[in-house]
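So the structure is just underneath, and the comments pick up after that.
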Amino acid sequence: MDHADFVHMVRVSEQASAQDSKAYRRSVAVFAALGYGWVIGCLALAIGLIAWLVPQLLHGRLRFGLLWGLAAALALLWASVRALWVRFEPPEGLRITAQEAPALFEALERIRKKIHGPPIHAVYLDGEFNASIRQAPRWGLLGGAVNTLTLGLPLLMALDRQRLLAVLTHEYGHLRGDHGRFAAWIYRTRLSWLRLHDNLRNDESVASAATQAFLRWYFPRFAAKTFALARQDEYEADRIAGRLLGAEVATAALIEIEVKGAWLAQRFWADHWRLAAAAALPSGPFKAMRAQLGQPPEPGFAREALREALTRVSDLADTHPSLRDRVAALGAKATLPEWSKRSALALLGEQADRWLAHFDKQWCQENASTWKLHHARLGRVRERAQALGARRATANAAVLVEEASLRRQLDPRDDLRPLYELALQRSPQHPAALQGLAKCLAPEDRVARLAVLQQLWDASTDHRWWAARQAVDDLETPRPELMHDAAALKLWRERCKQAQEGEERAWEELQEPAYFSRVARHDLSTFELAEVQAELARCKPVARAWLVCKSLREFPRRRAYLVFVELPGMEDESRFQLCRWLEGSLSLPGPVVVLWAGESPTLEEIRRGAFEPVYPALST
């Protein structure tokens, strides 16, 4: 099923659910039964074949066809049993008991009684900023359920008791009543089919191939047909949380999670990893996180994080609705709340400090080698920045921009505006200096930002898409202190559309199969190449890598790159995912496409057309 068909089926299911919810649920149940029917039918066929073939063989009719049929029937029986009895690994994390955290378990029991939900069989703590209840099948497709709550320590640090209880009530709300049991059964069934598909992926038997073919047809349709049910279940779980704790508390919890989650992702973890510049050994993050999550977020950051969250729309990538839709469904307004004054860590009782120390130690053990590599990298960045700073009096604009970029890596809050302004004094139309200056100007200083973006638009076709996107974002963002400029917004939107078309053509050109046409040796400096080599060294599956410059017809002066990697012993799907990850991770001064040595291009073609490998370094 292609994406367009998936979207169409989801929309049809949403309409059916809105028109007649009961009929929609019946149709979902019938389609779920079809999957069970396939497995049970295969099981019955296998048993029937075995029951017919075994007596034939026992009476001395040893024919090759009968033996082959018995082998196929046994394989079909095994595949059917595996489908009915899918096993699941326990959640990651540290399991806790009612004796260790009585207040938490008492709160869970009160929630269970109020919503008439099933028991929680196990509670785990982990280091994620999240909470979830997973209802895993006890006996695969045969039925039964094991309910497991996983609660993240950062979430306990970020929310007060009432807001955390609203989150737990939402999670428990997925299991409530008859509707909850039906949705949970569908969820367990979907989980079982997905796990079965993963289990059979590398099984090349005839029986497994037949089941895989069925799953390729069935599972996307099952996921599309049940999407509306899963989306409705999210809204219903929010309503239950609002009913028990109050819509105001539930809404405040949603917004506080959104803002503090953005702060963790954008600020805390980046700052924590920057500690590696001064320390060769890692330090645990959770003790520091506890203190910082207890403080109100910086007002400007909080407003911007909420604004960005409210611009996101509900889509088909996730059954969870957008924040805007969830708040609207609760009948509330999406405004910044009063921040939690006391964390909910007290629910863990006297063991909280011990568990914090446990996760700090575990994090340090898991990240020790990465931390050491990052320490070495930041040391190189600092040395390079200091060397460039010593030349500042006579440096050209390119050198000043490089120094500013390195200093930003060491401290994103460093005031780099004077450095970019100095670069523009020495080269008034330098594109990277204009881009850097635009980043330094506050969003409230719209006139100055738009003036710099206009200069960048005029100075460099390579940077037009970036300049137009920044201008449109500035002009679309309502700010009480600034007037809406409809004419400027229209102009920049037209420019953005025009530049977007050019970017799409350039990206298609970079990806076209004539990989070795218009390529040259890479143009990286010694420092830039060392950074790329260090990043490749951290990616263990990469055995060798080649790097070339690609000349683009659309943007002749743009630095663009192709990276070819040799990834032995991996499946193509895993290679594809790793290459996409590398495209977003490698520190290259331009767009990059990463390809692996396979059928196209082959390893021999890469050796002939991509010059010498850049990793491992030739000196090794």
Side-chain angles (χ1 to χ4, degrees), residues 1-17 20-49 72-89 134-145 174 181-233 315-319 571-573 576:
M1 174 185 286
D2 60 28
H3 183 68
D5 290 337
F6 180 84
V7 171
H8 175 71
M9 184 169 284
V10 169
R11 299 307 182 206
V12 169
S13 298
E14 289 176 336
Q15 292 174 4
S17 175
D20 190 338
S21 178
K22 291 184 178 178
Y24 164 69
R25 287 173 175 264
R26 285 196 298 271
S27 70
V28 169
V30 170
F31 200 74
L34 174 62
Y36 284 86
W38 169 271
V39 175
I40 294 171
C42 289
L43 182 65
L45 176 62
I47 293 173
L49 286 172
L74 289 171
L76 182 61
L77 178 66
W78 175 238
S80 302
V81 170
R82 287 175 66 186
L84 289 171
W85 196 282
V86 182
R87 296 183 62 84
F88 290 83
E89 298 298 325
R134 187 182 78 163
Q135 191 172 70
R138 188 187 296 274
W139 302 298
L141 291 174
L142 293 175
H174 291 303
R181 281 193 288 272
F182 178 76
W185 171 62
I186 293 297
Y187 169 78
R188 293 195 307 272
T189 302
R190 178 160 45 183
L191 204 61
S192 295
W193 285 122
L194 183 61
R195 184 60 183 271
L196 176 62
H197 182 264
D198 290 340
N199 288 348
L200 295 179
R201 181 174 297 170
N202 297 320
D203 193 332
E204 299 179 357
S205 69
V206 175
S208 294
T211 300
Q212 288 180 57
F214 172 74
L215 286 176
R216 283 194 295 271
W217 175 86
Y218 178 78
F219 184 74
R221 288 163 176 78
F222 183 75
K225 195 170 185 64
T226 58
F227 188 93
L229 178 68
R231 177 67 60 80
Q232 288 173 2
D233 200 52
D315 58 29
L316 303 185
D318 189 358
T319 57
E571 296 180 356
D572 282 354
E573 183 176 343
F576 177 84

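Side chains are part of it too, since the values below use all heavy atoms of this structure and drop only hydrogens, waters and symmetry mates. By convention here, the first residue in the shown sequence is residue 1.
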_side-chain contact (heavy atoms from CB on, under 4.5 Å), that's the test. Do L34 and V30 meet it? Break it down for me._
CA-CA 6 Å; L34 174 62; V30 170; over 6 Å; no

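Here the shortest heavy-atom pairing between F227 and V10 reads CD2-CG1, 3.7 Å. Taking each heavy atom of A224 and S13 in turn, the nearest pair found is O-OG, 3.7 Å. Contact record, Y218 with F31: OH-O, 2.6 Å, taken as the closest heavy-atom pair.
A donor-acceptor contact shorter than 3.5 Å links the side chain of Y24 to the backbone of K225.
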